[in-house]
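Below you'll find the structure, written out as structure tokens, and then a few comments.
Here the structure is a predicted model, which means the values were calculated and not measured. Numbering of ligands and ligand atoms starts at 1, following listing order.
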Amino acid sequence: SAPPSWDPERLFGGATGPAGRPAAMYAGLQELGVANGEDLKETLTNCTEPLKAIEQFQTENGVLLPSLQSALPFLDLHGTPRLEFHQSVFDELREKLLERVSAIALEGKVEERYKKLEDLLEKSFSLVKMPSIQPVVMCVMKHLPKVPEKKLKLVMADKDLYKACAVEVKRQIWQDNQALFGDEVSPLLKQYILEKENILFSSDISVLHNFFSPSPKARRQGEVVQKLTQMIGKNVKLYDMVLQFLRTLFLRTRNVHYCTLRAELLMSLHDLEISEICTVDPCHKFTWCLDACIREKFVDNKRARELQGFLDGVKKGQEQVLGDLSMILCDPFAINTLALSTIRHLQDLVGQDTLPRESPDLLLLLRMLSLGQGAWDMIDSQVFKEPKMEAELITKFLPMLMSFVVDDHTFNVDQKLPSEEKGPIPYPSTIPEAFTKFLQENRIACEIGLYYILHITKQRNKNAFLRLLPALVETFSDLAFSDIFLHLLTGNLTLLGDEFAVEEFCTSLFDGFFLTACSRKENVHRHVLRLLLHLHHKVAPAKLESLQKALEPTKQSGEAVKELHNQLTEKLELRKPSPAEVTETPSMELPLPTVPTPASR
Ligand SMILES: *[C@@H]1O[C@H](CO)[C@@H](O)[C@H](O)[C@H]1NC(C)=O
Ligand SMILES: *[C@@H]1O[C@H](CO)[C@@H](O)[C@H](O)[C@H]1NC(C)=O
């Protein structure tokens, strides 16, 4: 039967091919000597007998299979359009071709298989912009360990092609284009830092889980680490580039989360057994061993020996490695583990009547803490030397911490004595001046001191907490006002929740500590609001109201502070009796808070 009234302009859409695609996409066919839509259009425009012309075009360009001679008219009888038939044949063939390409990439001698694929690429590349053929061309490139330079350039120059090509091909583009790679990596790094900060400022303050709860294995399942690992593949050059980005960003921002990412990336490649990279990163074994310690949240004797072996094994001429090791040790998860182990060791030493300087394990922990704390300076100065440990840290500061432990024991024993034998021992209320000074001047002492304070808070030792708290107002580099410490402190303070009902406790904690820094440090403002939002129901109404006023956002305050303060104000409103209640029952006392404990606790 005659085709319905037809109009080549309508059918083939002027300068566009089927489905409105630019004819340029099909230009590649012409290069290969295959007729395309343009040719058909011209034929139909010029011809005098369209039916004949169509028939001829079909014979010339259809599937040349004798058995189809009878099958095609049969399909016509069933009303199956030729387009549908051809499309399904095409799809089928493309599937086969894709399978074949992947198979070729694995079979035969190495040089031959790549030769075949290279030839295939040469022949098919002109069709790369044709959406239906593109997957095949991309598949060929994906399997080539080295796509010819010219093709890579063409792909790179075309945004759509670049987007469509496999990560294997992108890696080859990236490795010679640091800037382009940087553009791809930097949104991921931003996302990573943001995620970390969101956890630190999480409104969910819980004793059960906090920033340090996730295991190292769980952390490296995170989206960013997985994506970066995928982007790097087995490419040492790309790995080096990412490390260089991380060093640069750490240097520029002092943000320690970059150090965490450095370790997580290496361990993620370790999990995937990518030996191409692990064996060339001199930090691999050290990081692996430290990772096991972080998992256990403790450095045991055996691992301590091992770690020491790696540190002592850094050879002359390779001191640069110390820069990377120090970054690995500056990861807050590493510091957390080292500091927790240090506190545990100190307690053990009290029981054993031993001084810190006599414990090699403790000395090693300090050595690693100093190396980690010195990371920024080392990378900044490019002087790769282990920082010298101040002797006084070991001979004065740590024994002082041990004496605090003894103070607690003495006090506790005294409390248990029958009243007539009770000595007149009140809890020591003053702090040795040296302690305050150490926290101000010595970075390592400060870090350990802060962890000691977390430790006593966790033990709900209110006396010790209130005694040492004043030392936190001024610390080295404001470490006591860092997000990580405040995150842990707020978490542990929930264990002293009942004390919040006591005016003096609140005054010491808020007026004596938090409020001293709120106006100059926005992050402190946020943390104290988080804490109050969580524990407001424990605080006496009058105190809470005065705190709410004191914590009013300033003009400079960001959205986060304003939002938190609004929430606090709302809670306060809820606690106040409504005016109606007050007038109806004037004698009634202020209702005690009946706010249910949040489910997370
Ligand atoms: C179609 O006609 C145009 C102009 O008349 C001519 O240039 C062209 O060669 C013709 N094409 C074919 C395939 O005959
Ligand atoms: C309390 O502090 C300790 C450090 O001593 C830390 O390991 C723990 O995770 C903290 N707890 C909370 C709930 O933040």
Identify, for [atom], the protein heavy atom at the shortest distance, and state residue, atom and that distance.
{"atom": "atom 14 (O) of ligand 2", "value": "N210 ND2, 3.0 Å"}
{"atom": "atom 3 (C) of ligand 2", "value": "N492 ND2, 3.5 Å"}
{"atom": "atom 4 (C) of ligand 2", "value": "L340 CD2, 3.5 Å"}

Exercise for review: Using atom types as modelled and distance alone, determine if a side-chain donor or acceptor of R526 lies under 3.5 Å from a backbone N or O of V561.
Suggested key: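 Flag not set: sc R526 to bb V561 has no pair under 3.5 Å.
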
Review point. Heavy-atom count around R520 CZ within 6.0 Å, excluding the residue itself: above 12?
Key: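 Atom CZ in R520 is crowded, with more than 12 foreign heavy atoms closer than 6.0 Å.
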
Check your understanding: Against heavy atoms of L488, which atoms of ligand 2 measure under 4.0 Å?
Key -> 14 (O)

Practice item. Enumerate the atoms of ligand 2 whose separation from the nearest heavy atom of L454 is less than 4.0 angstrom. Key: 2 (O), 4 (C), 5 (O)

Check your understanding: Taking atom types as modelled and ignoring hydrogens, do the side chains of Q191 and E223 form a donor-acceptor contact shorter than 3.5 angstrom?
Key ->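 Judged by distance alone, the side chains do pair up.
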
Review point. For H527 and D483, does a side-chain donor sit closer than 3.5 Å to a side-chain acceptor?
Key: yes

Check your understanding: L371 versus P387: any side-chain heavy-atom pair under 4.5 Å?
Key -> yes

**Study point:** Whether S206 lies under 4.0 Å from ligand 2, heavy atom
**Key:**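 S206 counts as a contact of ligand 2 under the 4.0 Å cut-off.
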
